[in-house]
Amino acid sequence: MGELQISELITTFMISELAASPIQDLSIPLIYSVVPIVFLLSAEIVLSFLATKSVKSKKLFFGNPSIIIRKGKLDQAELGRLRISINDFLGELRLKDVGDIKNVEYAILEENGKLSVFPKEKNGCDFTHAIVVDGAINTTNLNYAEKSEKWLGNYFRKNNLTLSEIFLMTINDDNEIYIIKKEEK
């Protein structure tokens, strides 16, 4: 259950309720449950498909990851926005085998509700920002990387690249860039 997105969890509860109705009350025809169950499953499949094909749809239905600790600095406003107490957050860090918050370079609350923790590294940064995903600029991550769209355009011109040919472009805090181009279909 902890692995489900919120929409999947709600759909699961609704399907179980719909399936149980004809079993509890034999006067309810089975078709009264089958049609809504098929509709819910179809809607869930369409939502999942839209989320994989459109960044805007994914943001709308599933939200964005939230960076709670960035470059070793705790974002207290983000904790407040997420309604997470510092004690709960410290408990989550302990569950990730982090005993001291000062040893954390990045802590990110993912879309699925899980916490990703990146410890401070002695040999540079091991955390990257996905600034281009499937040919679309992620302006939030671009800002986190302290880069601008103008910088990105200059980088593309200098390296003879276009936005539409990029499947994934990441940059870490040491300004190391990694690019995966789209595969030919």
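- Using a 4.5 Å heavy-atom cutoff, the side chains of V117 and Y106 are not in contact.
- Considering only heavy atoms from C-beta on, I84 comes within 4.5 Å of F89 through its side chain.
- In this structure, the side chain of N138 engages the main chain of T140 through a donor-acceptor pair within 3.5 Å.
- At least one side-chain heavy atom of Y155 sits under 4.5 Å from a side-chain heavy atom of M169.
- A distance of 11.0 Å separates OG of S33 from CD1 of I15, quoted to the nearest 0.5 Å.
- Grouping the Ile, Leu, Val, Met, Phe, Trp and Tyr side chains by contacts below 4.5 angstrom, directly or via other members, places F156 with I177.
- Between D75 and I68, every side-chain heavy-atom pair lies at or beyond the 4.5 Å cut-off.
- Between L115 and L109, the shortest heavy-atom distance links the atoms CD1-N, 4.0 Å.
- Between the side chain of T170 and the backbone N or O of H129, no donor-acceptor pair lies under 3.5 Å.
- I180 is not listed as a side-chain neighbour of I166, based on a closest heavy-atom distance of 4.5 Å or more.
- With sequence neighbours left out, the side chain to side chain donor-acceptor pair (under 3.5 Å) criterion links R81 to S66, E78.
- With rounding to the nearest 0.5 Å, the separation of NZ in K114 from CG in L95 is 11.0 Å.
- Among residues at least two apart or in separate chains, salt bridge (Lys or Arg N to Asp or Glu O under 4.0 Å) pairs with a member in residues 148-167 are E165-K181.
- In this view, V46 and L50 satisfy the side-chain contact (heavy atoms from CB on, under 4.5 Å) rule, not counting sequence neighbours.
- To the nearest 0.5 Å, atom OG1 of residue T139 and atom CD1 of residue I137 are 8.5 Å apart.
- Within the model, atoms OG of S148 and CG of N154 stand 7.5 Å from one another, a figure rounded to the nearest 0.5 Å.
- Listed by chain and number, the residues in a side chain to side chain donor-acceptor pair (under 3.5 Å) with E146 are K71 (sequence neighbours excluded).
- The shortest non-hydrogen separation linking K120 to V104 is CE-O, 3.6 Å.
- Residues I108 and F118 have side chains in contact (heavy-atom distance under 4.5 Å, counting atoms from C-beta outward).
- Screening L163, I171, L142 for a side chain to side chain contact (heavy atoms under 4.5 Å, CB included) involving V132 leaves a single residue, L163.
- Taking 4.5 Å as the limit, every side-chain heavy atom of N103 sits out of range of all side-chain heavy atoms of P119.
- If you take CD on E110 and CG on N64, they are separated by 10.5 Å, rounding to the nearest 0.5 Å.
- Looking at every heavy atom in both residues, A130 comes nearest to L168 through CB-CD1, 4.0 Å.
- Here S85 pairs with D88 under the side chain to side chain donor-acceptor pair (under 3.5 Å) rule; sequence neighbours left out.
- Between the CG atom in L41 and the CE atom in M14 there is a gap of 11.0 Å [rounded to 0.5 Å].
- Under the 4.5 Å side-chain contact rule for hydrophobic residues, I37 and I31 do not share a cluster.
- Considering all non-hydrogen atoms of both residues, P36 and L18 come closest at CB-CD1, 3.6 Å.
- Linking Ile, Leu, Val, Met, Phe, Trp and Tyr residues whenever their side-chain heavy atoms come within less than 4.5 Å leaves L152 and V133 in two separate clusters.
- Judged as a salt bridge (Lys or Arg N to Asp or Glu O under 4.0 Å), the pairs with a partner in residues 131-143 (not counting sequence neighbours) are, in order, D134-K182.
- Heavy atoms only, all atoms of each residue included: I131 and A145 are closest at CG2-CB, 4.4 Å.
- Remark: the backbone N or O of K102 is paired with a side-chain donor or acceptor of D100 at under 3.5 angstrom.
- Residue I86 is grouped with residue I69 when hydrophobic side chains (ILVMFWY) are merged at heavy-atom distances under 4.5 angstrom, including chains of intermediate members.
- Hydrophobic clustering, with ILVMFWY side chains joined whenever heavy atoms are under 4.5 angstrom apart, groups W151 together with L161.
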